Amino acid sequence: MTRSVQHKTRTNVTLDAEALSEAKALGLNVSAISNEALIAAVRQARARAWADDNAAAIAERRAWIDRNGTPLADHQVLQGD
């Protein structure tokens with residue numbers, strides 16, 4: 001997910017000194033890496049929150065499929081054995 005410079009905010013973070021030193025020595029863009037890691041962490045947290053919020057409905061749907069089978073299963077081209 002690429003975002004434009006206009007939407008970035010300067011902030012302070014605390015990082016492991018040795019890891020930061022090695023990253024700089026390797027020419028890694030710590031800001032870009034941190035930003036991508038933050039975006040991934042937010043995406044994962046949202047997915048977990050969605051799953052938690054919808055756990056009852058998901059369980060109900062799974063139970064329905066266990067009782068009734070998958071909808072249109074007899075029309076599937078590839079069927080399991």
Side-chain angles (χ1 to χ4, degrees):
M1 177 184 281
T2 303
R3 297 180 188 241
S4 65
V5 175
Q6 295 88 357
H7 292 91
K8 292 188 177 184
T9 301
R10 184 175 288 276
T11 188
N12 293 320
V13 295
T14 303
L15 302 171
D16 178 81
E18 186 177 336
L20 180 59
S21 178
E22 288 185 44
K24 286 181 179 181
L26 292 167
L28 298 176
N29 184 332
V30 175
S31 291
I33 293 168
S34 299
N35 192 57
E36 291 302 316
L38 181 60
I39 289 168
V42 167
R43 186 178 300 124
Q44 290 172 354
R46 283 183 177 162
R48 279 192 306 273
W50 183 91
D52 290 346
D53 290 346
N54 292 285
I58 293 167
E60 184 178 318
R61 177 71 174 153
R62 286 182 180 154
W64 186 92
I65 290 172
D66 287 345
R67 287 190 311 272
N68 302 295
T70 56
L72 305 174
D74 53 333
H75 297 289
Q76 291 178 339
V77 176
L78 299 174
Q79 295 189 7
D81 294 328

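The structure presented is a predicted model; accordingly, all values stated were derived computationally and were not measured.
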Chemist: Return all side-chain donor-acceptor pairs below 3.5 angstrom for residues 48-62, not counting sequence neighbours, or 'none' if the list is empty.
Modeler:
unit_1, atom_1, unit_2, atom_2, d
Asn54, ND2, Trp50, O, 2.8

Chemist: Answer with yes or no whether the hydrophobic clustering places Val13 together with Ile33; edges join I, L, V, M, F, W, Y residues whose side-chain heavy atoms lie under 4.5 Å apart.
Modeler: no

Chemist: Roughly how far, to the nearest 0.5 Å, is CG of Leu15 from OG of Ser21?
Modeler: 12.0 Å

Chemist: Between NZ of Lys8 and CG of Asn35, what distance do you get to the nearest 0.5 Å?
Modeler: 5.5 Å

Chemist: In Å, rounded to the nearest 0.5 Å, how long is the span from CD1 of Ile39 to CD of Gln44?
Modeler: 12.5 Å

Chemist: Rounded to the nearest 0.5 Å, what separates atom OG1 in Thr11 from atom CG in Leu38?
Modeler: 9.5 Å

Chemist: What pairs with Arg67 under side chain to side chain contact (heavy atoms under 4.5 Å, CB included), at least two apart in sequence or on another chain?
Modeler: Ala63, Trp64

